[in-house]
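No experiment lies behind these values; they were computed from the predicted model shown.
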Amino acid sequence: AKELGGNQVQYFSPHIYAKIERRMTLEKHLRKALEKNEFILMYQPQVNVIENKIVGFESLIRWDSPQLGRVSPLEFIPIAEDTGLIYPIGKWVIEEACAQNKHWQRLGLPKVSMAVNLSSKQFYDRSLCEQISNILQDTGLEPQYLELEITESMTMDVQVALATLNSFKNMGLQIAMDDFGTGYSSLSYLKEFPIHHLKIDQSFVKDISVNPTHAAIVNTIITLARNLKINVIAEGVENEEDLRLLQDFHCDTVQGYLFGRPVEADQVPEIFARFGKA
Ligand code: C2E
Ligand code: CA
Ligand code: CA
Ligand code: CA
């Protein structure tokens, strides 16, 4: 407890103090992480279960800090957003993901899409479209092989979101709505936004074979998406029971530990080999 004078006393619990200290340490090292090449991307396959083939990969950032060890994006992305570091980090992710996808194509691997997560700060950055277009030009990747994952919370400003999404669409990019079901989306926007893919959040998918409520929600989302001609991707598929139910619901595209954890780039050719050629 710290005396503030009079009889006012302010308490800092050791727990709060530790959190503040952790945050300051992360921020300090995060500022140098990009120039020190401490980020890597890992890639998780997205699989069409009808044809048993890979249709895409999602790129997922990792921070390997010599001082802190591996830090989860769930911990450092919010700090990157608060500090503005998300702009250079986010740009690096798009560059790296596009260059990697083009590299796999040059190796003769089947052409698949590369999904990149956008933070809302990036999404509302006016220079984003031009930045992406430059990256596509520099890497030589055709736009249909880049997929941008946005979340429902990003589309709160409907007019601005719609304008940006239409620019993406006109550029020939793919658009995926991530974590669907967890945000505040008005379902009616779904038919106005030019969305190609809808990713059902893993919190609903995870236990559908034992949780009838979640099963009903997932089934409804799949039906809704089908009526709107939007492709559904179920995330977080970990076991055969959940997969079987998803197939009963006519969900064709899945992502999850059952089909593969995120791997480093050099392991991707083996993953293609495991699924056979597209
Ligand atoms: P997300 O976009 O929803 O990504 C899916 C997360 O679920 C990933 O966690 C992935 O490793 C994990 N996952 C995939 N399949 C399974 C499964 O079967 N079971 C379980 N339990 N988990 C599974 P990760 O890589 O730790 O990423 C966490 C979040 O960090 C991402 O959630 C995304 O919001 C954010 N993130 C990751 N990479 C980036 C990035 O490059 N940029 C931005 N802005 N955010 C990123
Ligand atoms: Ca995602
Ligand atoms: Ca997700
Ligand atoms: Ca998420």
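- Between L146 and C98 there is a side-chain heavy-atom pair separated by less than 4.5 Å.
- Between L165 and I150 there is a side-chain heavy-atom pair separated by less than 4.5 Å.
- With no hydrogens or angles considered, no side-chain donor-acceptor pair links H196 and N231 at under 3.5 Å.
- In this structure a side-chain-to-backbone donor-acceptor pair under 3.5 Å is present from N48 to E51.
- When atom types are taken as modelled, the side chain of N166 and the backbone of L162 share a donor-acceptor pair closer than 3.5 angstrom.
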Problem set entry | Q46 vs T253, side-chain hydrogen bond (donor to acceptor under 3.5 Å, both in side chains): CA-CA, chis, key distance, verdict | CA-CA 7 Å; Q46 300 177 326; T253 315; over 6 Å; no
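- One finds the OG1 atom of T220 at 9.5 Å from the CD1 atom of I200 (value rounded to the nearest 0.5 Å).
- S153 pairs by the side-chain hydrogen bond (donor to acceptor under 3.5 Å, both in side chains) definition with T151, not counting sequence neighbours.
- Residue V232 is not grouped with residue I50 when hydrophobic side chains (ILVMFWY) are merged at heavy-atom distances under 4.5 angstrom, including chains of intermediate members.
- Residues K206 and E235 are not paired through a salt bridge, judged by the lack of any N-O separation under 4.0 Å between the basic side chain and the carboxylate.
- At a threshold of 4.5 Å between non-hydrogen side-chain atoms, the residues M156 and S120 do not count as touching.
- The closest side-chain donor-acceptor pair between E58 and Q255 falls under 3.5 angstrom.
- Using a distance-only test at 3.5 Å, with no hydrogens or angles considered, a donor-acceptor pair links the side chain of N211 to the main chain of H214.
- Between I222 atom CD1 and L246 atom CG the span is 5.5 Å, to the nearest 0.5 Å.
- Between the CG atom of N117 and the CD atom of Q122 there is a distance of 9.5 Å, given to the nearest 0.5 Å.
- Nearest heavy-atom pair across S113 and E147 is OG-OE1, 3.4 Å.
- Put simply, V93 and I135 are part of the same group of oily side chains (I, L, V, M, F, W, Y) that touch within less than 4.5 Å, one to the next.
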Problem set entry | F259 and I54: CA distance, side-chain angles, deciding distance, side chain to side chain contact (heavy atoms under 4.5 Å, CB included) verdict | CA-CA 10 Å; F259 291 91; I54 294 174; over 6 Å; no
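- Counting heavy atoms from C-beta outward, I175 and H197 have side chains that stay 4.5 Å or more apart.
- Of all heavy-atom pairs spanning T139 and R106, the tightest one is O-NH2, 4.2 Å.
- Taking CD1 from I230 and CG from L224, the interatomic distance works out to 7.0 Å, rounded to the nearest 0.5 Å.
- Here NZ of K199 is found 13.0 Å from CE of M177. Values are rounded to the nearest 0.5 Å.
- Between F39 and F76, the ring centre distance stays below 6.0 Å.
- Grouping the Ile, Leu, Val, Met, Phe, Trp and Tyr side chains by contacts below 4.5 angstrom, directly or via other members, places V210 apart from I208.
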For this session: Output, in order, the C-alpha distance, side-chain angles, deciding distance and verdict of side chain to side chain contact (heavy atoms under 4.5 Å, CB included) for I89 and I61.
Result: CA-CA 10 Å; I89 295 172; I61 195 169; 3.7 Å; yes
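- When every heavy atom of Q67 is checked against every heavy atom of K36, the shortest pair comes out as NE2-NZ, 3.9 Å.
- Within 6.0 Å of NZ on K121 lie more than 12 heavy atoms contributed by other residues, nucleotides or ligands.
- Outside the 6.0 Å centre-distance limit, the rings of F193 and F168 are not counted as a close aromatic pair.
- At least one side-chain heavy atom of I40 sits under 4.5 Å from a side-chain heavy atom of R70.
- Here the side chain of N101 pairs a donor or acceptor atom with the backbone of Y145 at under 3.5 angstrom.
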Exercise. Where do W104 and M114 land on the side chain to side chain contact (heavy atoms under 4.5 Å, CB included) test, with the steps shown first?
Worked result: CA-CA 11 Å; W104 291 331; M114 172 66 83; 3.5 Å; yes
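- Across all their heavy atoms, V254 and L243 have their closest contact at CG1-CD1, 4.2 Å.
- Within the 3.5 Å criterion, the main-chain N or O of S59 finds no donor-acceptor partner in the side chain of Q44.
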For this session: Output, in order, the C-alpha distance, side-chain angles, deciding distance and verdict of side chain to side chain contact (heavy atoms under 4.5 Å, CB included) for K53 and F275.
Result: CA-CA 6 Å; K53 75 173 190 191; F275 280 87; 5.6 Å; no
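- Nearest approach of T155 to Y124, heavy atoms of both residues: CA-OH, 4.0 Å.
- In this structure the side chain of L198 reaches within 4.5 angstrom of the side chain of I221, judged on heavy atoms.
- The line from CG of L136 to CD1 of I94 is 9.0 Å long, rounded to the nearest 0.5 Å.
- Closest approach of R261 to P45, counting heavy atoms only: O-CD, 4.2 Å.
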Problem set entry | Candidate pair S209 and D242, rule side-chain hydrogen bond (donor to acceptor under 3.5 Å, both in side chains), full reasoning | CA-CA 5 Å; S209 57; D242 292 345; 2.6 Å; yes
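- A salt bridge links E27 and R31; the closest N-O separation between the charged side-chain nitrogens and carboxylate oxygens is under 4.0 Å.
- Taking the side chain as every heavy atom from C-beta outward, Y43 and Q100 approach each other to under 4.5 Å.
- Within the 4.5 Å cutoff, side-chain heavy atoms of H29 are placed close to those of W63.
- When hydrophobic clusters are built by joining Ile, Leu, Val, Met, Phe, Trp and Tyr residues whose side-chain heavy atoms come closer than 4.5 Å, directly or via intermediates, V55 is not grouped with L258.
- At a threshold of 4.5 Å between side-chain heavy atoms, the hydrophobic network of Ile, Leu, Val, Met, Phe, Trp and Tyr places V237 and F249 in one connected group.
- The environment of E130 atom CD is sparse: at most 12 non-hydrogen atoms of other residues, nucleotides or ligands sit within 6.0 angstrom.
- Counting heavy-atom neighbours within 6.0 Å of M171 CE, excluding the residue itself, gives a total above 12.
- Taking a cutoff of 4.0 Å between a charged side-chain nitrogen and a carboxylate oxygen, D82 and R23 qualify as a salt bridge.
- Among residues two or more places apart in sequence or in another chain, the side-chain hydrogen bond (donor to acceptor under 3.5 Å, both in side chains) test is passed with K191 by none.
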